[in-house]
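One structure below.
Please read these numbers as outputs of a predicted model, since none were measured by experiment.
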Amino acid sequence: MQGKGEGTASGPTYGGATSGGATSEADHRSPLADFDPLAPYRGAVRRFFVVYRHVMGLLMGGHIAYVRSLPNVQTRGMRSIGKRMVAWIFRPFVDRSLRDLPFPVQLRKRLEILGPTFTKLGQILAIREDLLPPAITRELESLMDHLPPVPFVQVKDIIERDLGAPTEELFATLSSEPLGSASIAQAHRATTIEGDDVVIKVIKPGIREIINSDLKLLEFFGIFLNWIIPEYRPRQIIEEFSEYTKREVDYSFEATNAEVFAANFSDMPDVVFPTIYRDLSSDDVLTMQFIDGIRPGSAASMKLSEDERERVIDLGSAAIIRMLYKDGFFHADLHAGNLKIIEGGPDEPIKVGFIDMGMVGRFSPQVKRRLLYYFYALVRGDVENVARYLLDIARIGEGGDPQGFRRAVSDLSRYFARQGQTGTISIAQLILESLSLGGRYRVFFPVEMTLMVKALVTFEGVGRTMKPDLDVVAVSQRHVRSIFRERFDPRTLGTELLSNAPEFIDTIVQLPRLMSSGSAYVEERLNDRTPTGDPFPGLRGSILAGACIIGGALGVVQGGPIWLWLPLFAIGFLLALFKT
């Protein structure tokens, strides 16, 4: 990656001029000189042949693995002769070190060989247990995320290029030893000029260009694979992966995510998120507060007192459930390494910190409400509503069987409810198995649902590490009930009503016209003496209108808020006019 300072007066100039007041080439260069819309595609062409070789090798190796897994009874004599012959033809064309391995292992190794983009893709695939076979997702979980670091001199160059000053002027200290090195970025400890302990995350050189080229390739392969294995929805997976990866290689998104989390939890000071140093950050460099804490499940965490461990569990579960079902904005890469237990002083309580927020999940307001109702029904053991609310979130595919899915989820929930009476129950496992049923019935869920399960798995795993006999259902009930009560607090409902005030006022403004049209319709109906064949539709409308008017009257008598009884009167009046 070239530095921003190249092409200045000390570099090449027009007509071979050097110094002495000569105008540099950079001063006259068009602002669009660095804009090359075809660059990702040219890179994609170069990468195509590498990726094509591995894709074909994986397809051929997969067939060889399939034939090798056939029972002996199917490979005797002339049985499966066509499949065996094809496997024999493929063998010389497949890498000798890979061809005798099971297919999931071949997939993992080829993703590692192809580099950071495909390693990240494998990590995303590892959580899609609702779409992929368990053998594949289990193998992909072992993908390496700690890779050899890039030389510190390159890291330093990127920091100086993006922040526009030598590191000695920006930081009091900067460690040359990395805290960690992943497939996309590398992190180093530092101290600001003011003396604050910080962590600097730097995108590795050349990674963005590789990823942009690879994503263009993946779009093409997604279309191709959709023809071959449509049941696993490869195009959807690749589109989801592309969206998350593009955000992960732009640190402006992670900086914003951290600030949104901090704002959402401003009323919970014991749940900590790192402060972002915007003046020391850019798209490729992110400087954030270093949160010094111990990892859940470590030897140090087990030395905490029982009350301290209880507090850690309570804070962590409250934070995760709140992210999911109140805010609809949650940490989508939760594991024990991204959680910190911050020990307090003599007069300070223990706190919980969250780090590494490059990957987040979002729920729309409608999905967030449905998920709250679903989770509330789940922890209460309300089997019928569990299936109903879960189906409300799904998208029914072609040839889908929503009623079959609903029955299957109800049966599964009853089974887990019975298991919970005799031992511990995993809510995350129940949700995951419910989502996995969707593939059988052609009922599909957004990727955020599986990211949600990952967050719940972390909550359960960390909680039971700190307290082996943890009652996950009881803890979840306590926190989700609090959110549920807040959701239906009159002040909250009033705020939502005010947010919809423009539409409500618009309806009131149009009410005279509606009443005039309704009166004309009623007059026409009264003058029309033609007998109707079916009196029941009008009767049904009259009953509903009467129920709404009675409900509104009760609201007025009981001193209910105006936003409750006024809409009931309005609905009752409209139903009385039209009586459908």
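- Using bins of under 30°, 30° to 60° and over 60° for the plane-to-plane angle, the ring pair H331/F354 lands in the tilted bin.
- Classification of the F273-F265 ring pair by plane angle, with boundaries at 30° and 60°, yields tilted.
- Side-chain contact between K467 and R309 is absent, with no heavy-atom pair separated by less than 4.5 Å.
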Side chain to side chain donor-acceptor pair (under 3.5 Å) between S305 and D307, intermediate numbers included: CA-CA 5 Å; S305 67; D307 288 343; 5.5 Å; no
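- Taking the six-membered ring for Trp and the full ring otherwise, the centers of F363 and Y325 sit at least 6.0 Å from each other.
- The aromatic rings of H188 and F152 sit tilted, their planes meeting at an angle between 30° and 60°.
- Side-chain N or O atoms of T287 include none that pairs as donor or acceptor with a backbone N or O of I200 at under 3.5 Å.
- No side-chain donor-acceptor contact under 3.5 Å links R478 to the backbone of D314.
- By the 4.5 Å heavy-atom criterion applied to side chains, R208 and D284 are counted as neighbours.
- The local environment of NZ in K201 is crowded, with over 12 non-hydrogen atoms from other residues, nucleotides or ligands closer than 6.0 Å.
- If you check the side chains of D95 and S97, you find a donor sitting under 3.5 Å from an acceptor.
- The only option from S426, S317, S476 that meets the side-chain hydrogen bond (donor to acceptor under 3.5 Å, both in side chains) definition with E460 turns out to be S426.
- The closest side-chain heavy-atom distance from I342 to D292 is not below 4.5 Å.
- With N257 contributing its side chain and M357 its backbone, the two residues share a donor-acceptor pair below 3.5 Å.
- Within the 3.5 Å criterion, the main-chain N or O of R108 finds no donor-acceptor partner in the side chain of E139.
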